[in-house]
Amino acid sequence: MRKVFDFHGGIHPPENKQQSLSTPIQTAGIPAELVLPLSQHIGAPAVAVVRVGQAVLKGQVIADADGFVSVPVHASTSGEVVAIESRQIPHPSGMTAPCIIIKPDGKDQWIEHSGLS
């Protein structure tokens, strides 16, 4: 049987559960603009396979892996590609990187699934 050991000290901030208990859980919705970085990790950035003005569907590949350590990027909702440009990304340095910007159409329409072959 496993035993969880405790240690002296540590940080014990207040839980503040009352803040989240006072309102019901809600759907976050779809933002007015999606910024999808082509660099998803320390590896090689993906290469955009869509163009500005192109309509995309949720789940559609919008950038292909390009390198040994790379990953494709998929659209997270349906809409229109409005830009492919450098934008600030979530990184402690505040650096910028190439991104695909999608303006959602509000339909959240999926691409037709073909399954794995």
Side-chain angles (χ1 to χ4, degrees):
M1 186 163 142
R2 294 175 100 185
K3 181 176 180 183
V4 178
F5 293 95
D6 196 12
F7 61 92
H8 178 70
I11 299 172
H12 304 282
E15 294 179 355
N16 291 320
K17 290 186 178 186
Q18 285 306 109
Q19 295 170 346
S20 62
L21 292 175
S22 61
T23 56
I25 295 174
Q26 298 176 349
T27 302
I30 301 172
E33 177 182 79
L34 293 173
V35 179
L36 303 165
L38 296 176
S39 293
Q40 295 287 311
H41 47 67
I42 198 166
V47 176
V49 295
V50 292
R51 64 189 185 296
V52 174
Q54 182 176 342
V56 295
L57 296 174
K58 184 176 185 171
Q60 180 178 339
V61 174
I62 58 173
D64 270 334
D66 185 41
F68 178 65
V69 179
S70 189
V71 65
V73 180
H74 298 78
S76 50
T77 192
S78 58
E80 179 186 353
V81 176
V82 294
I84 301 173
E85 62 189 20
S86 189
R87 291 276 186 105
Q88 188 173 14
I89 60 170
H91 190 273
S93 69
M95 66 189 260
T96 60
C99 298
I100 295 175
I101 292 68
I102 297 176
K103 180 181 179 185
D105 59 13
K107 297 176 185 173
D108 206 29
Q109 204 172 15
W110 277 93
I111 191 167
E112 187 175 325
H113 294 254
S114 58
L116 299 174
S117 26

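Just so we're clear, the structure is a prediction, and the values are computed from it rather than from any experiment.
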How many angstroms lie between [atom1] in [X] and [atom2] in [Y], if you round to the nearest 0.5 Å?
X	Y	atom1	atom2	value
L34	I100	CG	CD1	11.5 Å
T96	R87	OG1	CZ	11.0 Å
I101	E85	CD1	CD	4.5 Å
I25	S20	CD1	OG	8.5 Å

Partner set under salt bridge (charged side-chain N to carboxylate O under 4.0 Å, His left out) for E112, not counting sequence neighbours: none
Considering only distance and modelled atom types, tabulate donor-acceptor pairs under 3.5 Å from the side chains of residues 55-62, sequence neighbours left out.
unit_1 : atom_1 : unit_2 : atom_2 : d
K58    : NZ     : D108   : OD2    : 3.1
Q60    : OE1    : L57    : N      : 3.0

In residues 35-48, what donor-acceptor pairs under 3.5 Å come from side-chain atoms, sequence neighbours left out?
unit_1 : atom_1 : unit_2 : atom_2 : d
Q40    : NE2    : P37    : O      : 2.5
H41    : ND1    : G43    : N      : 2.8

Looking at every heavy atom in both E80 and G53, which two are closest together, and how far apart are they? OE2-CA, 3.5 Å
Give me the atom names and distance for the closest heavy-atom approach of K103 to V82. CB-CG1, 3.7 Å
Would you say V73 and W110 are hydrophobically clustered, going by side-chain heavy atoms of ILVMFWY under 4.5 Å? no
